[in-house]
Amino acid sequence: MTGRRFRAPVIAVLATIVVFFGLASATVVAAPVPQQGVAVSTSHITTECAGKPVRVAARWYFPPGRPTALVWLQHGFSRTAANLDALARSYATAGFLVVGPTLDSVNLGGCAVAYNIADNAAFARTVGGVFGSGAQTGSPLASSLRRAREAAHRPDVAMPYRMVFAGHSAGGEFVLVAADALRRSDPAAYRRLSGLMLFDPVNSFFGTHFTSAAASLGVDGLPIRVIASQPSISNSFESGVAVLQRTTRQDFLGVRLVTGIHIDAEGTSTDLIGELSELAAPRPRNGRVIHALATGWSSDMVAGTVTPTYYPGGRYYDLLLATRIVTTLPVR
């Protein structure tokens, strides 16, 4: 056998080995790092109402990475934080730290999410103050976060500086009143509030808290976005949305879902009570639109930006209009 004939097979074998181990090394280097998903845990928030201490149950949703802002997500009448689970997870997936308190619906002392048998404005102001002081070490909200992140094994998560208050149904009025109270009582904490995201907000039958808060915040220029459903008994025939349309100073307020029902914001997290109240189930398509617009608009509130696709003239928004999924809420 000549030297040339001997060396050719050897070189081929060596080349194969080099290529194999080279590819193997490249594969190891390029292997994707496992990503954390959304983590959920429960805790409680200590506050007070009608002169008595109150422990409010809360669900915390931790984003995969560092949160961009805190979202207070408040449920509506006869509901709980669990009924907004799908929406909360969508917010967390988009990078927000979310907390959903579960409040009573009826309380003789006014310690409830809705103004029905007793005025709940004082309680809304108190809870708003809890969120306003949330960045302070040892505050009720900071303590709740500490317990929740220990349970979720997320010690890396700190309280974000920026906040968005979001509410569905009666929860929309609750966070609206809380935001206006924070504006008046704690201007420094109010500066942390980037805006309000309201899902079919309901104006109570009693009192004028919704109207006065909406008017004050409208003058102040706080960003407010609304996703409304079709008028119905459940949303007081859109009386709350009508107030926001009259009082806003913004050129754009939000949208109405063409086939929307009051529990669309709950989506897959609704229950039999919710479906019986509407005699219908939430449409998955509406849920996807709610998640996309709410997280997009909220992200813009926090960053102080305008992402064109989520607004009139933008590709996604105009597609929603063209396919008759939404209509734009007129402002007066």
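Note that the structure is a prediction, hence the values are computed from the model and not measured. Index from 1, following the sequence.
Arg192 meets the salt bridge (charged side-chain N to carboxylate O under 4.0 Å, His left out) test with no other residue; sequence neighbours excluded. For Ala82, the side chain to side chain contact (heavy atoms under 4.5 Å, CB included) partners two or more places apart in sequence, or in a different chain, are Arg59, Thr80. Ala114 is linked by a side chain to side chain contact (heavy atoms under 4.5 Å, CB included) to Phe77, Asn116, Ala170, counting only residues two or more places apart in sequence or in another chain. With sequence neighbours left out, the side chain to side chain contact (heavy atoms under 4.5 Å, CB included) criterion links Ser185 to no other residue. Applying the ring-ring contact (aromatic ring centres under 6.0 Å, His included) criterion to His262, with sequence neighbours excluded, gives His168.
For residues 208-229, the set of pairs meeting the ring pair (Phe, Tyr, Trp, His ring centres under 6.0 Å) definition, not counting sequence neighbours, comprises Tyr115-His209. Pairs passing the disulfide (SG to SG under 2.5 Å) check and including a residue from residues 48-94, sequence neighbours excluded, read Cys49-Cys111. A ring pair (Phe, Tyr, Trp, His ring centres under 6.0 Å) check over residues 172-195, counting only residues at least two apart or in different chains, returns the pairs Phe123-Phe174. A salt bridge (charged side-chain N to carboxylate O under 4.0 Å, His left out) check over residues 258-273, counting only residues at least two apart or in different chains, returns the pairs Arg79-Glu266, Arg79-Asp271. Legend: disulfide (SG to SG under 2.5 Å) pairs involving residues 124-200, not counting sequence neighbours: none detected. Residue pairs meeting the side chain to side chain donor-acceptor pair (under 3.5 Å) criterion with at least one partner in residues 86-99, sequence neighbours excluded, are Asp85-Arg89, Tyr91-Ser298.
Put simply, the side chain of Thr328 reaches to within 4.5 Å of the side chain of Tyr317, judged on heavy atoms. When side chains are defined from C-beta on, Leu222 does not count as touching Asp180, because their heavy atoms never get closer than 4.5 Å.
Judged by distance alone, the side chain of Ser139 and the main-chain N or O of Ala142 form a donor-acceptor pair under 3.5 Å. Using a distance-only test at 3.5 Å, with no hydrogens or angles considered, no donor-acceptor pair links the side chain of Thr248 to the main chain of Leu253. At distances below 3.5 Å, at least one donor-acceptor pair connects side-chain atoms of Asn235 with backbone N or O atoms of Phe237. The main-chain N or O of Ala189 is found under 3.5 Å from a side-chain atom of Asp186 such that the two form a donor-acceptor pair.
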Compile the donor-acceptor pairs under 3.5 Å between side chains in residues 301-310 and protein atoms, sequence neighbours left out, one pair per line.
residue: Thr305; atom: OG1; partner: Asp300; partner atom: OD1; Å: 2.8
residue: Thr307; atom: OG1; partner: Asp300; partner atom: OD1; Å: 2.8
residue: Thr307; atom: OG1; partner: Asp300; partner atom: OD2; Å: 3.4
residue: Thr309; atom: OG1; partner: Tyr316; partner atom: N; Å: 3.0

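Using a 3.5 Å distance cut-off with no hydrogens or angles, the side chains of Thr270 and Glu275 do not pair a donor with an acceptor.
In this structure, Phe131 and Trp72 have parallel ring planes: the angle between them is below the 30° cut-off, well short of the 60° mark.
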